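Note sheet for the following structure.
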Amino acid sequence: MKWAYIEDIADFKDQEVELRGWVYNKRSGGKIRFLLIRDGTGMIQGTIYSEDKDHPLFQAFDQLTQESSLIVRGVVKEDKRAPGGFELGITDMEIIQTAQEYPITPKEHGIPFLMEHRHLWLRSQKQRAILQIRAELTKAIRDFFDNRGFRNLDTPILTPSACEGTTTLFETEYFDQKAYLSQSGQLYNEATAMAFGKVYCFGPTFRAEKSKTRKHLIEFWMVEPEVAFANLQDITDLAEDLIVSIVARILETRKTELDILERETSPLERVKKPFHRMKYGEILPDLKKKGSKIDWGDDFGAPEETILSEIYDSPVCITHFPAKIKAFYMQPDEENPDEVLGVDVFASEGYGELIGGGQRIHDLGLLEKRVKEHKLPRDAYEWYLDLRKYGSVPHSGFGLGLERTLSWICKIKHIREAIPFPRLLYKIYP
RNA sequence: UCCUCGGUAGCUCAAUCGGCAGAGCGGGUGGCUGUUAACCACUAGGUUGUAGGUUCGAGUCCUACCCGAGGAGCCA
């Protein structure tokens, strides 16, 4: 008999199939029994009917507990009464393992309990929907860059020094040296961009910051493109195109999952080019008008991100930040050296910063000066300075946080649900 | 790191002024021909986060600690 997956069940109407999966829930009614089976691709209701109270299938059914694993065989029937529109008339059942009392019952649970059982929570409908969209999002991002001729070149996770020298890094041993977990692939991207023109890296990054908010993970995934000869304008266009492209893909292919999450799609449908683009200095008066206490030179905080999404109902690009709040490698604006050619993209609906990036310093002298000003160990950056000695060109790039983007697309309350196993402040189990 | 709130059955929660520790779900037993987080009846299940203190008496009040949640700063 053919082993089928539930997501393809419509193709097997009136045919006999074998399904392999787990018990999601069961209900019984005297001479009829209902079994909700999930197989990782979907869910279907199986039915057993008999006049005989002691029918072997009833006996097997009665043994089943939530999340027991089993193989069932039967005929696929279309039935409007069944969730999903199809059901399986079970003719044969093989129990693989009878699950012990399953902790996550089909009732409400609290966050601490669910987090403690994250390895099981992943089986729930909403968690599956979020992570299904995550998988599609990753694919959409790769497709976007691959289709534009970008080369995917991985950057190291173990690094000899800080990329930006600001945020706290995880330190580890590297034989007789110290090493740090990467917090960005950018500096290495700049090297590969000089070798390949257009590159991107896509991998995990680590921040040892003691952040405890719904927008922060200790370990998160980031895609970082870097383009030789690109300026701020070019890279802002790229950032817009990327976001428009991935949102469109999710709307097109993951409607079912967005429905499971009860995600209203109209804010996503509004994600079209061009985005609102403003200089930092231009947006300040609007922020202040709405109650922000920000002054020129302050970085955006949570209140500013909230206000931005109150003013605009789609993503916004902010450029030309004060130099002192940005990283050492940011290219200053020629007309106004206190400002740098950086761009941040803020999501709508209060989800905050999705993208941070901009144009990098390509002048050797200026970069050397910045390294000194930021008190960075010059010998660790020697290779990075080399990139400015041998055919230096203006170049730009950015980083997009995968989990933040996913949180926004799914409109979930907390970023911890946007990754299978979140690493949170002081929390590394399971 | 700071601020706020919380910890009672496997889970979600209740317990009046300090006065016998309870319900729903889940488990077990039985019932029901179409259930949709099924339903109905019965049943088992407790070191009230830990340590100390006040009191005739503490889940409740006080002190310290542990754990968790929400928020801030920093960032993607």
Side-chain angles (χ1 to χ4, degrees), chain A residues 24-36 43-53 58 62 65-67 77 79-85 87 89 99-117 120-121 124-125 163-164 166-169 183-186 204-224 239 298-306 325-327 343-347 351-357 398-408 413-416 418-419 424-427 429:
Chain A
Y24 186 77
N25 201 357
K26 62 176 194 176
R27 299 181 267 273
S28 63
K31 293 176 186 165
I32 191 162
R33 308 279 152 104
F34 300 95
L35 192 59
L36 275 170
M43 184 116 66
I44 193 168
Q45 173 168 282
T47 57
I48 307 167
Y49 175 79
S50 173
E51 296 285 341
D52 177 9
K53 263 179 71 174
F58 279 5
D62 291 340
T65 53
Q66 194 190 347
E67 287 302 318
K77 290 174 290 191
D79 193 314
K80 284 200 177 110
R81 290 171 297 186
E87 64 182 22
Q100 295 178 26
E101 202 174 315
Y102 190 68
I104 304 179
T105 60
K107 289 280 172 179
E108 282 171 32
H109 298 279
I111 287 296
F113 178 78
L114 290 170
M115 286 306 298
E116 194 75 9
H117 296 85
L120 303 176
W121 191 20
S124 313
Q125 283 246 66
C163 269
E164 305 184 14
T166 51
T167 40
T168 328
L169 296 166
Q183 55 170 351
S184 164
Q186 187 210 311
T205 49
F206 308 86
R207 306 266 166 106
E209 289 157 8
K210 304 206 166 163
S211 305
K212 185 178 158 60
T213 82
R214 65 181 73 180
K215 288 174 187 166
H216 286 87
L217 290 168
I218 301 297
E219 176 182 313
F220 66 97
W221 286 67
M222 184 158 66
V223 61
E224 294 174 277
D298 295 340
D299 205 354
F300 287 7
E304 286 70 36
E305 291 186 345
T306 307
I325 58 169
K326 289 289 174 184
V343 55
D344 284 3
V345 183
F346 293 88
Y351 278 82
E353 192 180 342
L354 300 180
I355 280 179
F398 62 79
L400 172 128
L402 181 68
E403 290 80 9
R404 281 201 185 162
T405 307
L406 183 62
S407 298
W408 167 58
K413 288 198 188 80
H414 199 294
I415 198 166
R416 66 184 157 223
I419 185 166
L424 298 160
L425 187 57
Y426 305 129
K427 286 206 63 153
Y429 178 91

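In what follows, chains carry the letters A, B, and so on, assigned in the order in which the sequence lines appear, proteins first and then strands, with residues in each chain numbered from 1. Because the structure is a prediction, the values reported are computed rather than measured.
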Polar side-chain atom of [X] near backbone of [Y] as donor-acceptor pair, under 3.5 Å:
| X | Y | value |
| --- | --- | --- |
| R207(A) | Q183(A) | yes |
| E403(A) | W221(A) | yes |
| Q66(A) | Y102(A) | no |

Under 4.0 Å between any heavy atoms, over every strand shown, what does [X] touch: base, sugar-phosphate, or nothing? Just pick one.
| X | value |
| --- | --- |
| T65(A) | nothing |
| E305(A) | base |
| D344(A) | nothing |
| L400(A) | nothing |
| H117(A) | nothing |
| Q66(A) | nothing |
| E116(A) | nothing |
| Y351(A) | nothing |

Does G301(A) or K326(A) map to a spot on RNA chain B nearer the 5' end, using the closest nucleotide for each?
->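 Whichever sits nearer the 5' end wins; that is G301(A).
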Which sits closer to the 5' end of RNA chain B, F34(A) or Y102(A), going by the nucleotide each is nearest to?
->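 Its nearest nucleotide lies further toward 5', so the answer is Y102(A).
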Taking atom types as they are modelled, would you say the side chain of [X] forms a donor-acceptor pair with the base of [N] within the 3.5 Å cutoff?
| X | N | answer |
| --- | --- | --- |
| S211(A) | C74(B) | yes |
| R404(A) | C75(B) | yes |
| S28(A) | C32(B) | yes |

task: Please answer whether A76(B) and F220(A) are stacked, defined here as ring centres separated by less than 5.5 Å and planes angled under 30°.
output: yes
| query | Relative to the ring of F113(A), is the ring of H117(A) parallel (under 30°), tilted (30 to 60°) or perpendicular (over 60°)? | reply | tilted
Shorter than 3.5 Å, N or O on both sides, protein versus nucleotides 12-15 of chain B: list them out with atom names.
| from | atom 1 | to | atom 2 | distance (Å) |
| --- | --- | --- | --- | --- |
| U12(B) | OP1 | G110(A) | N | 3.1 |
| U12(B) | O4' | E108(A) | O | 3.4 |

query = Between R33(A) and F58(A), is NZ or CZ placed under 6.0 angstrom from the six-membered ring centre and within 45° of the ring axis?
reply = yes
What nucleotide, of U35(B), C75(B), A72(B), holds the atom closest to the side chain of Q45(A)?
->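 Of U35(B), C75(B), A72(B), U35(B) is nearest to the side chain of Q45(A).
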Ranking U35(B), A76(B), G26(B) by distance to the side chain of E101(A), first place goes to G26(B)
Q.
Whole angstroms only, please: what is the NZ-C1' distance between K212(A) and C75(B)?
A.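 It works out to 17 Å between those atoms.
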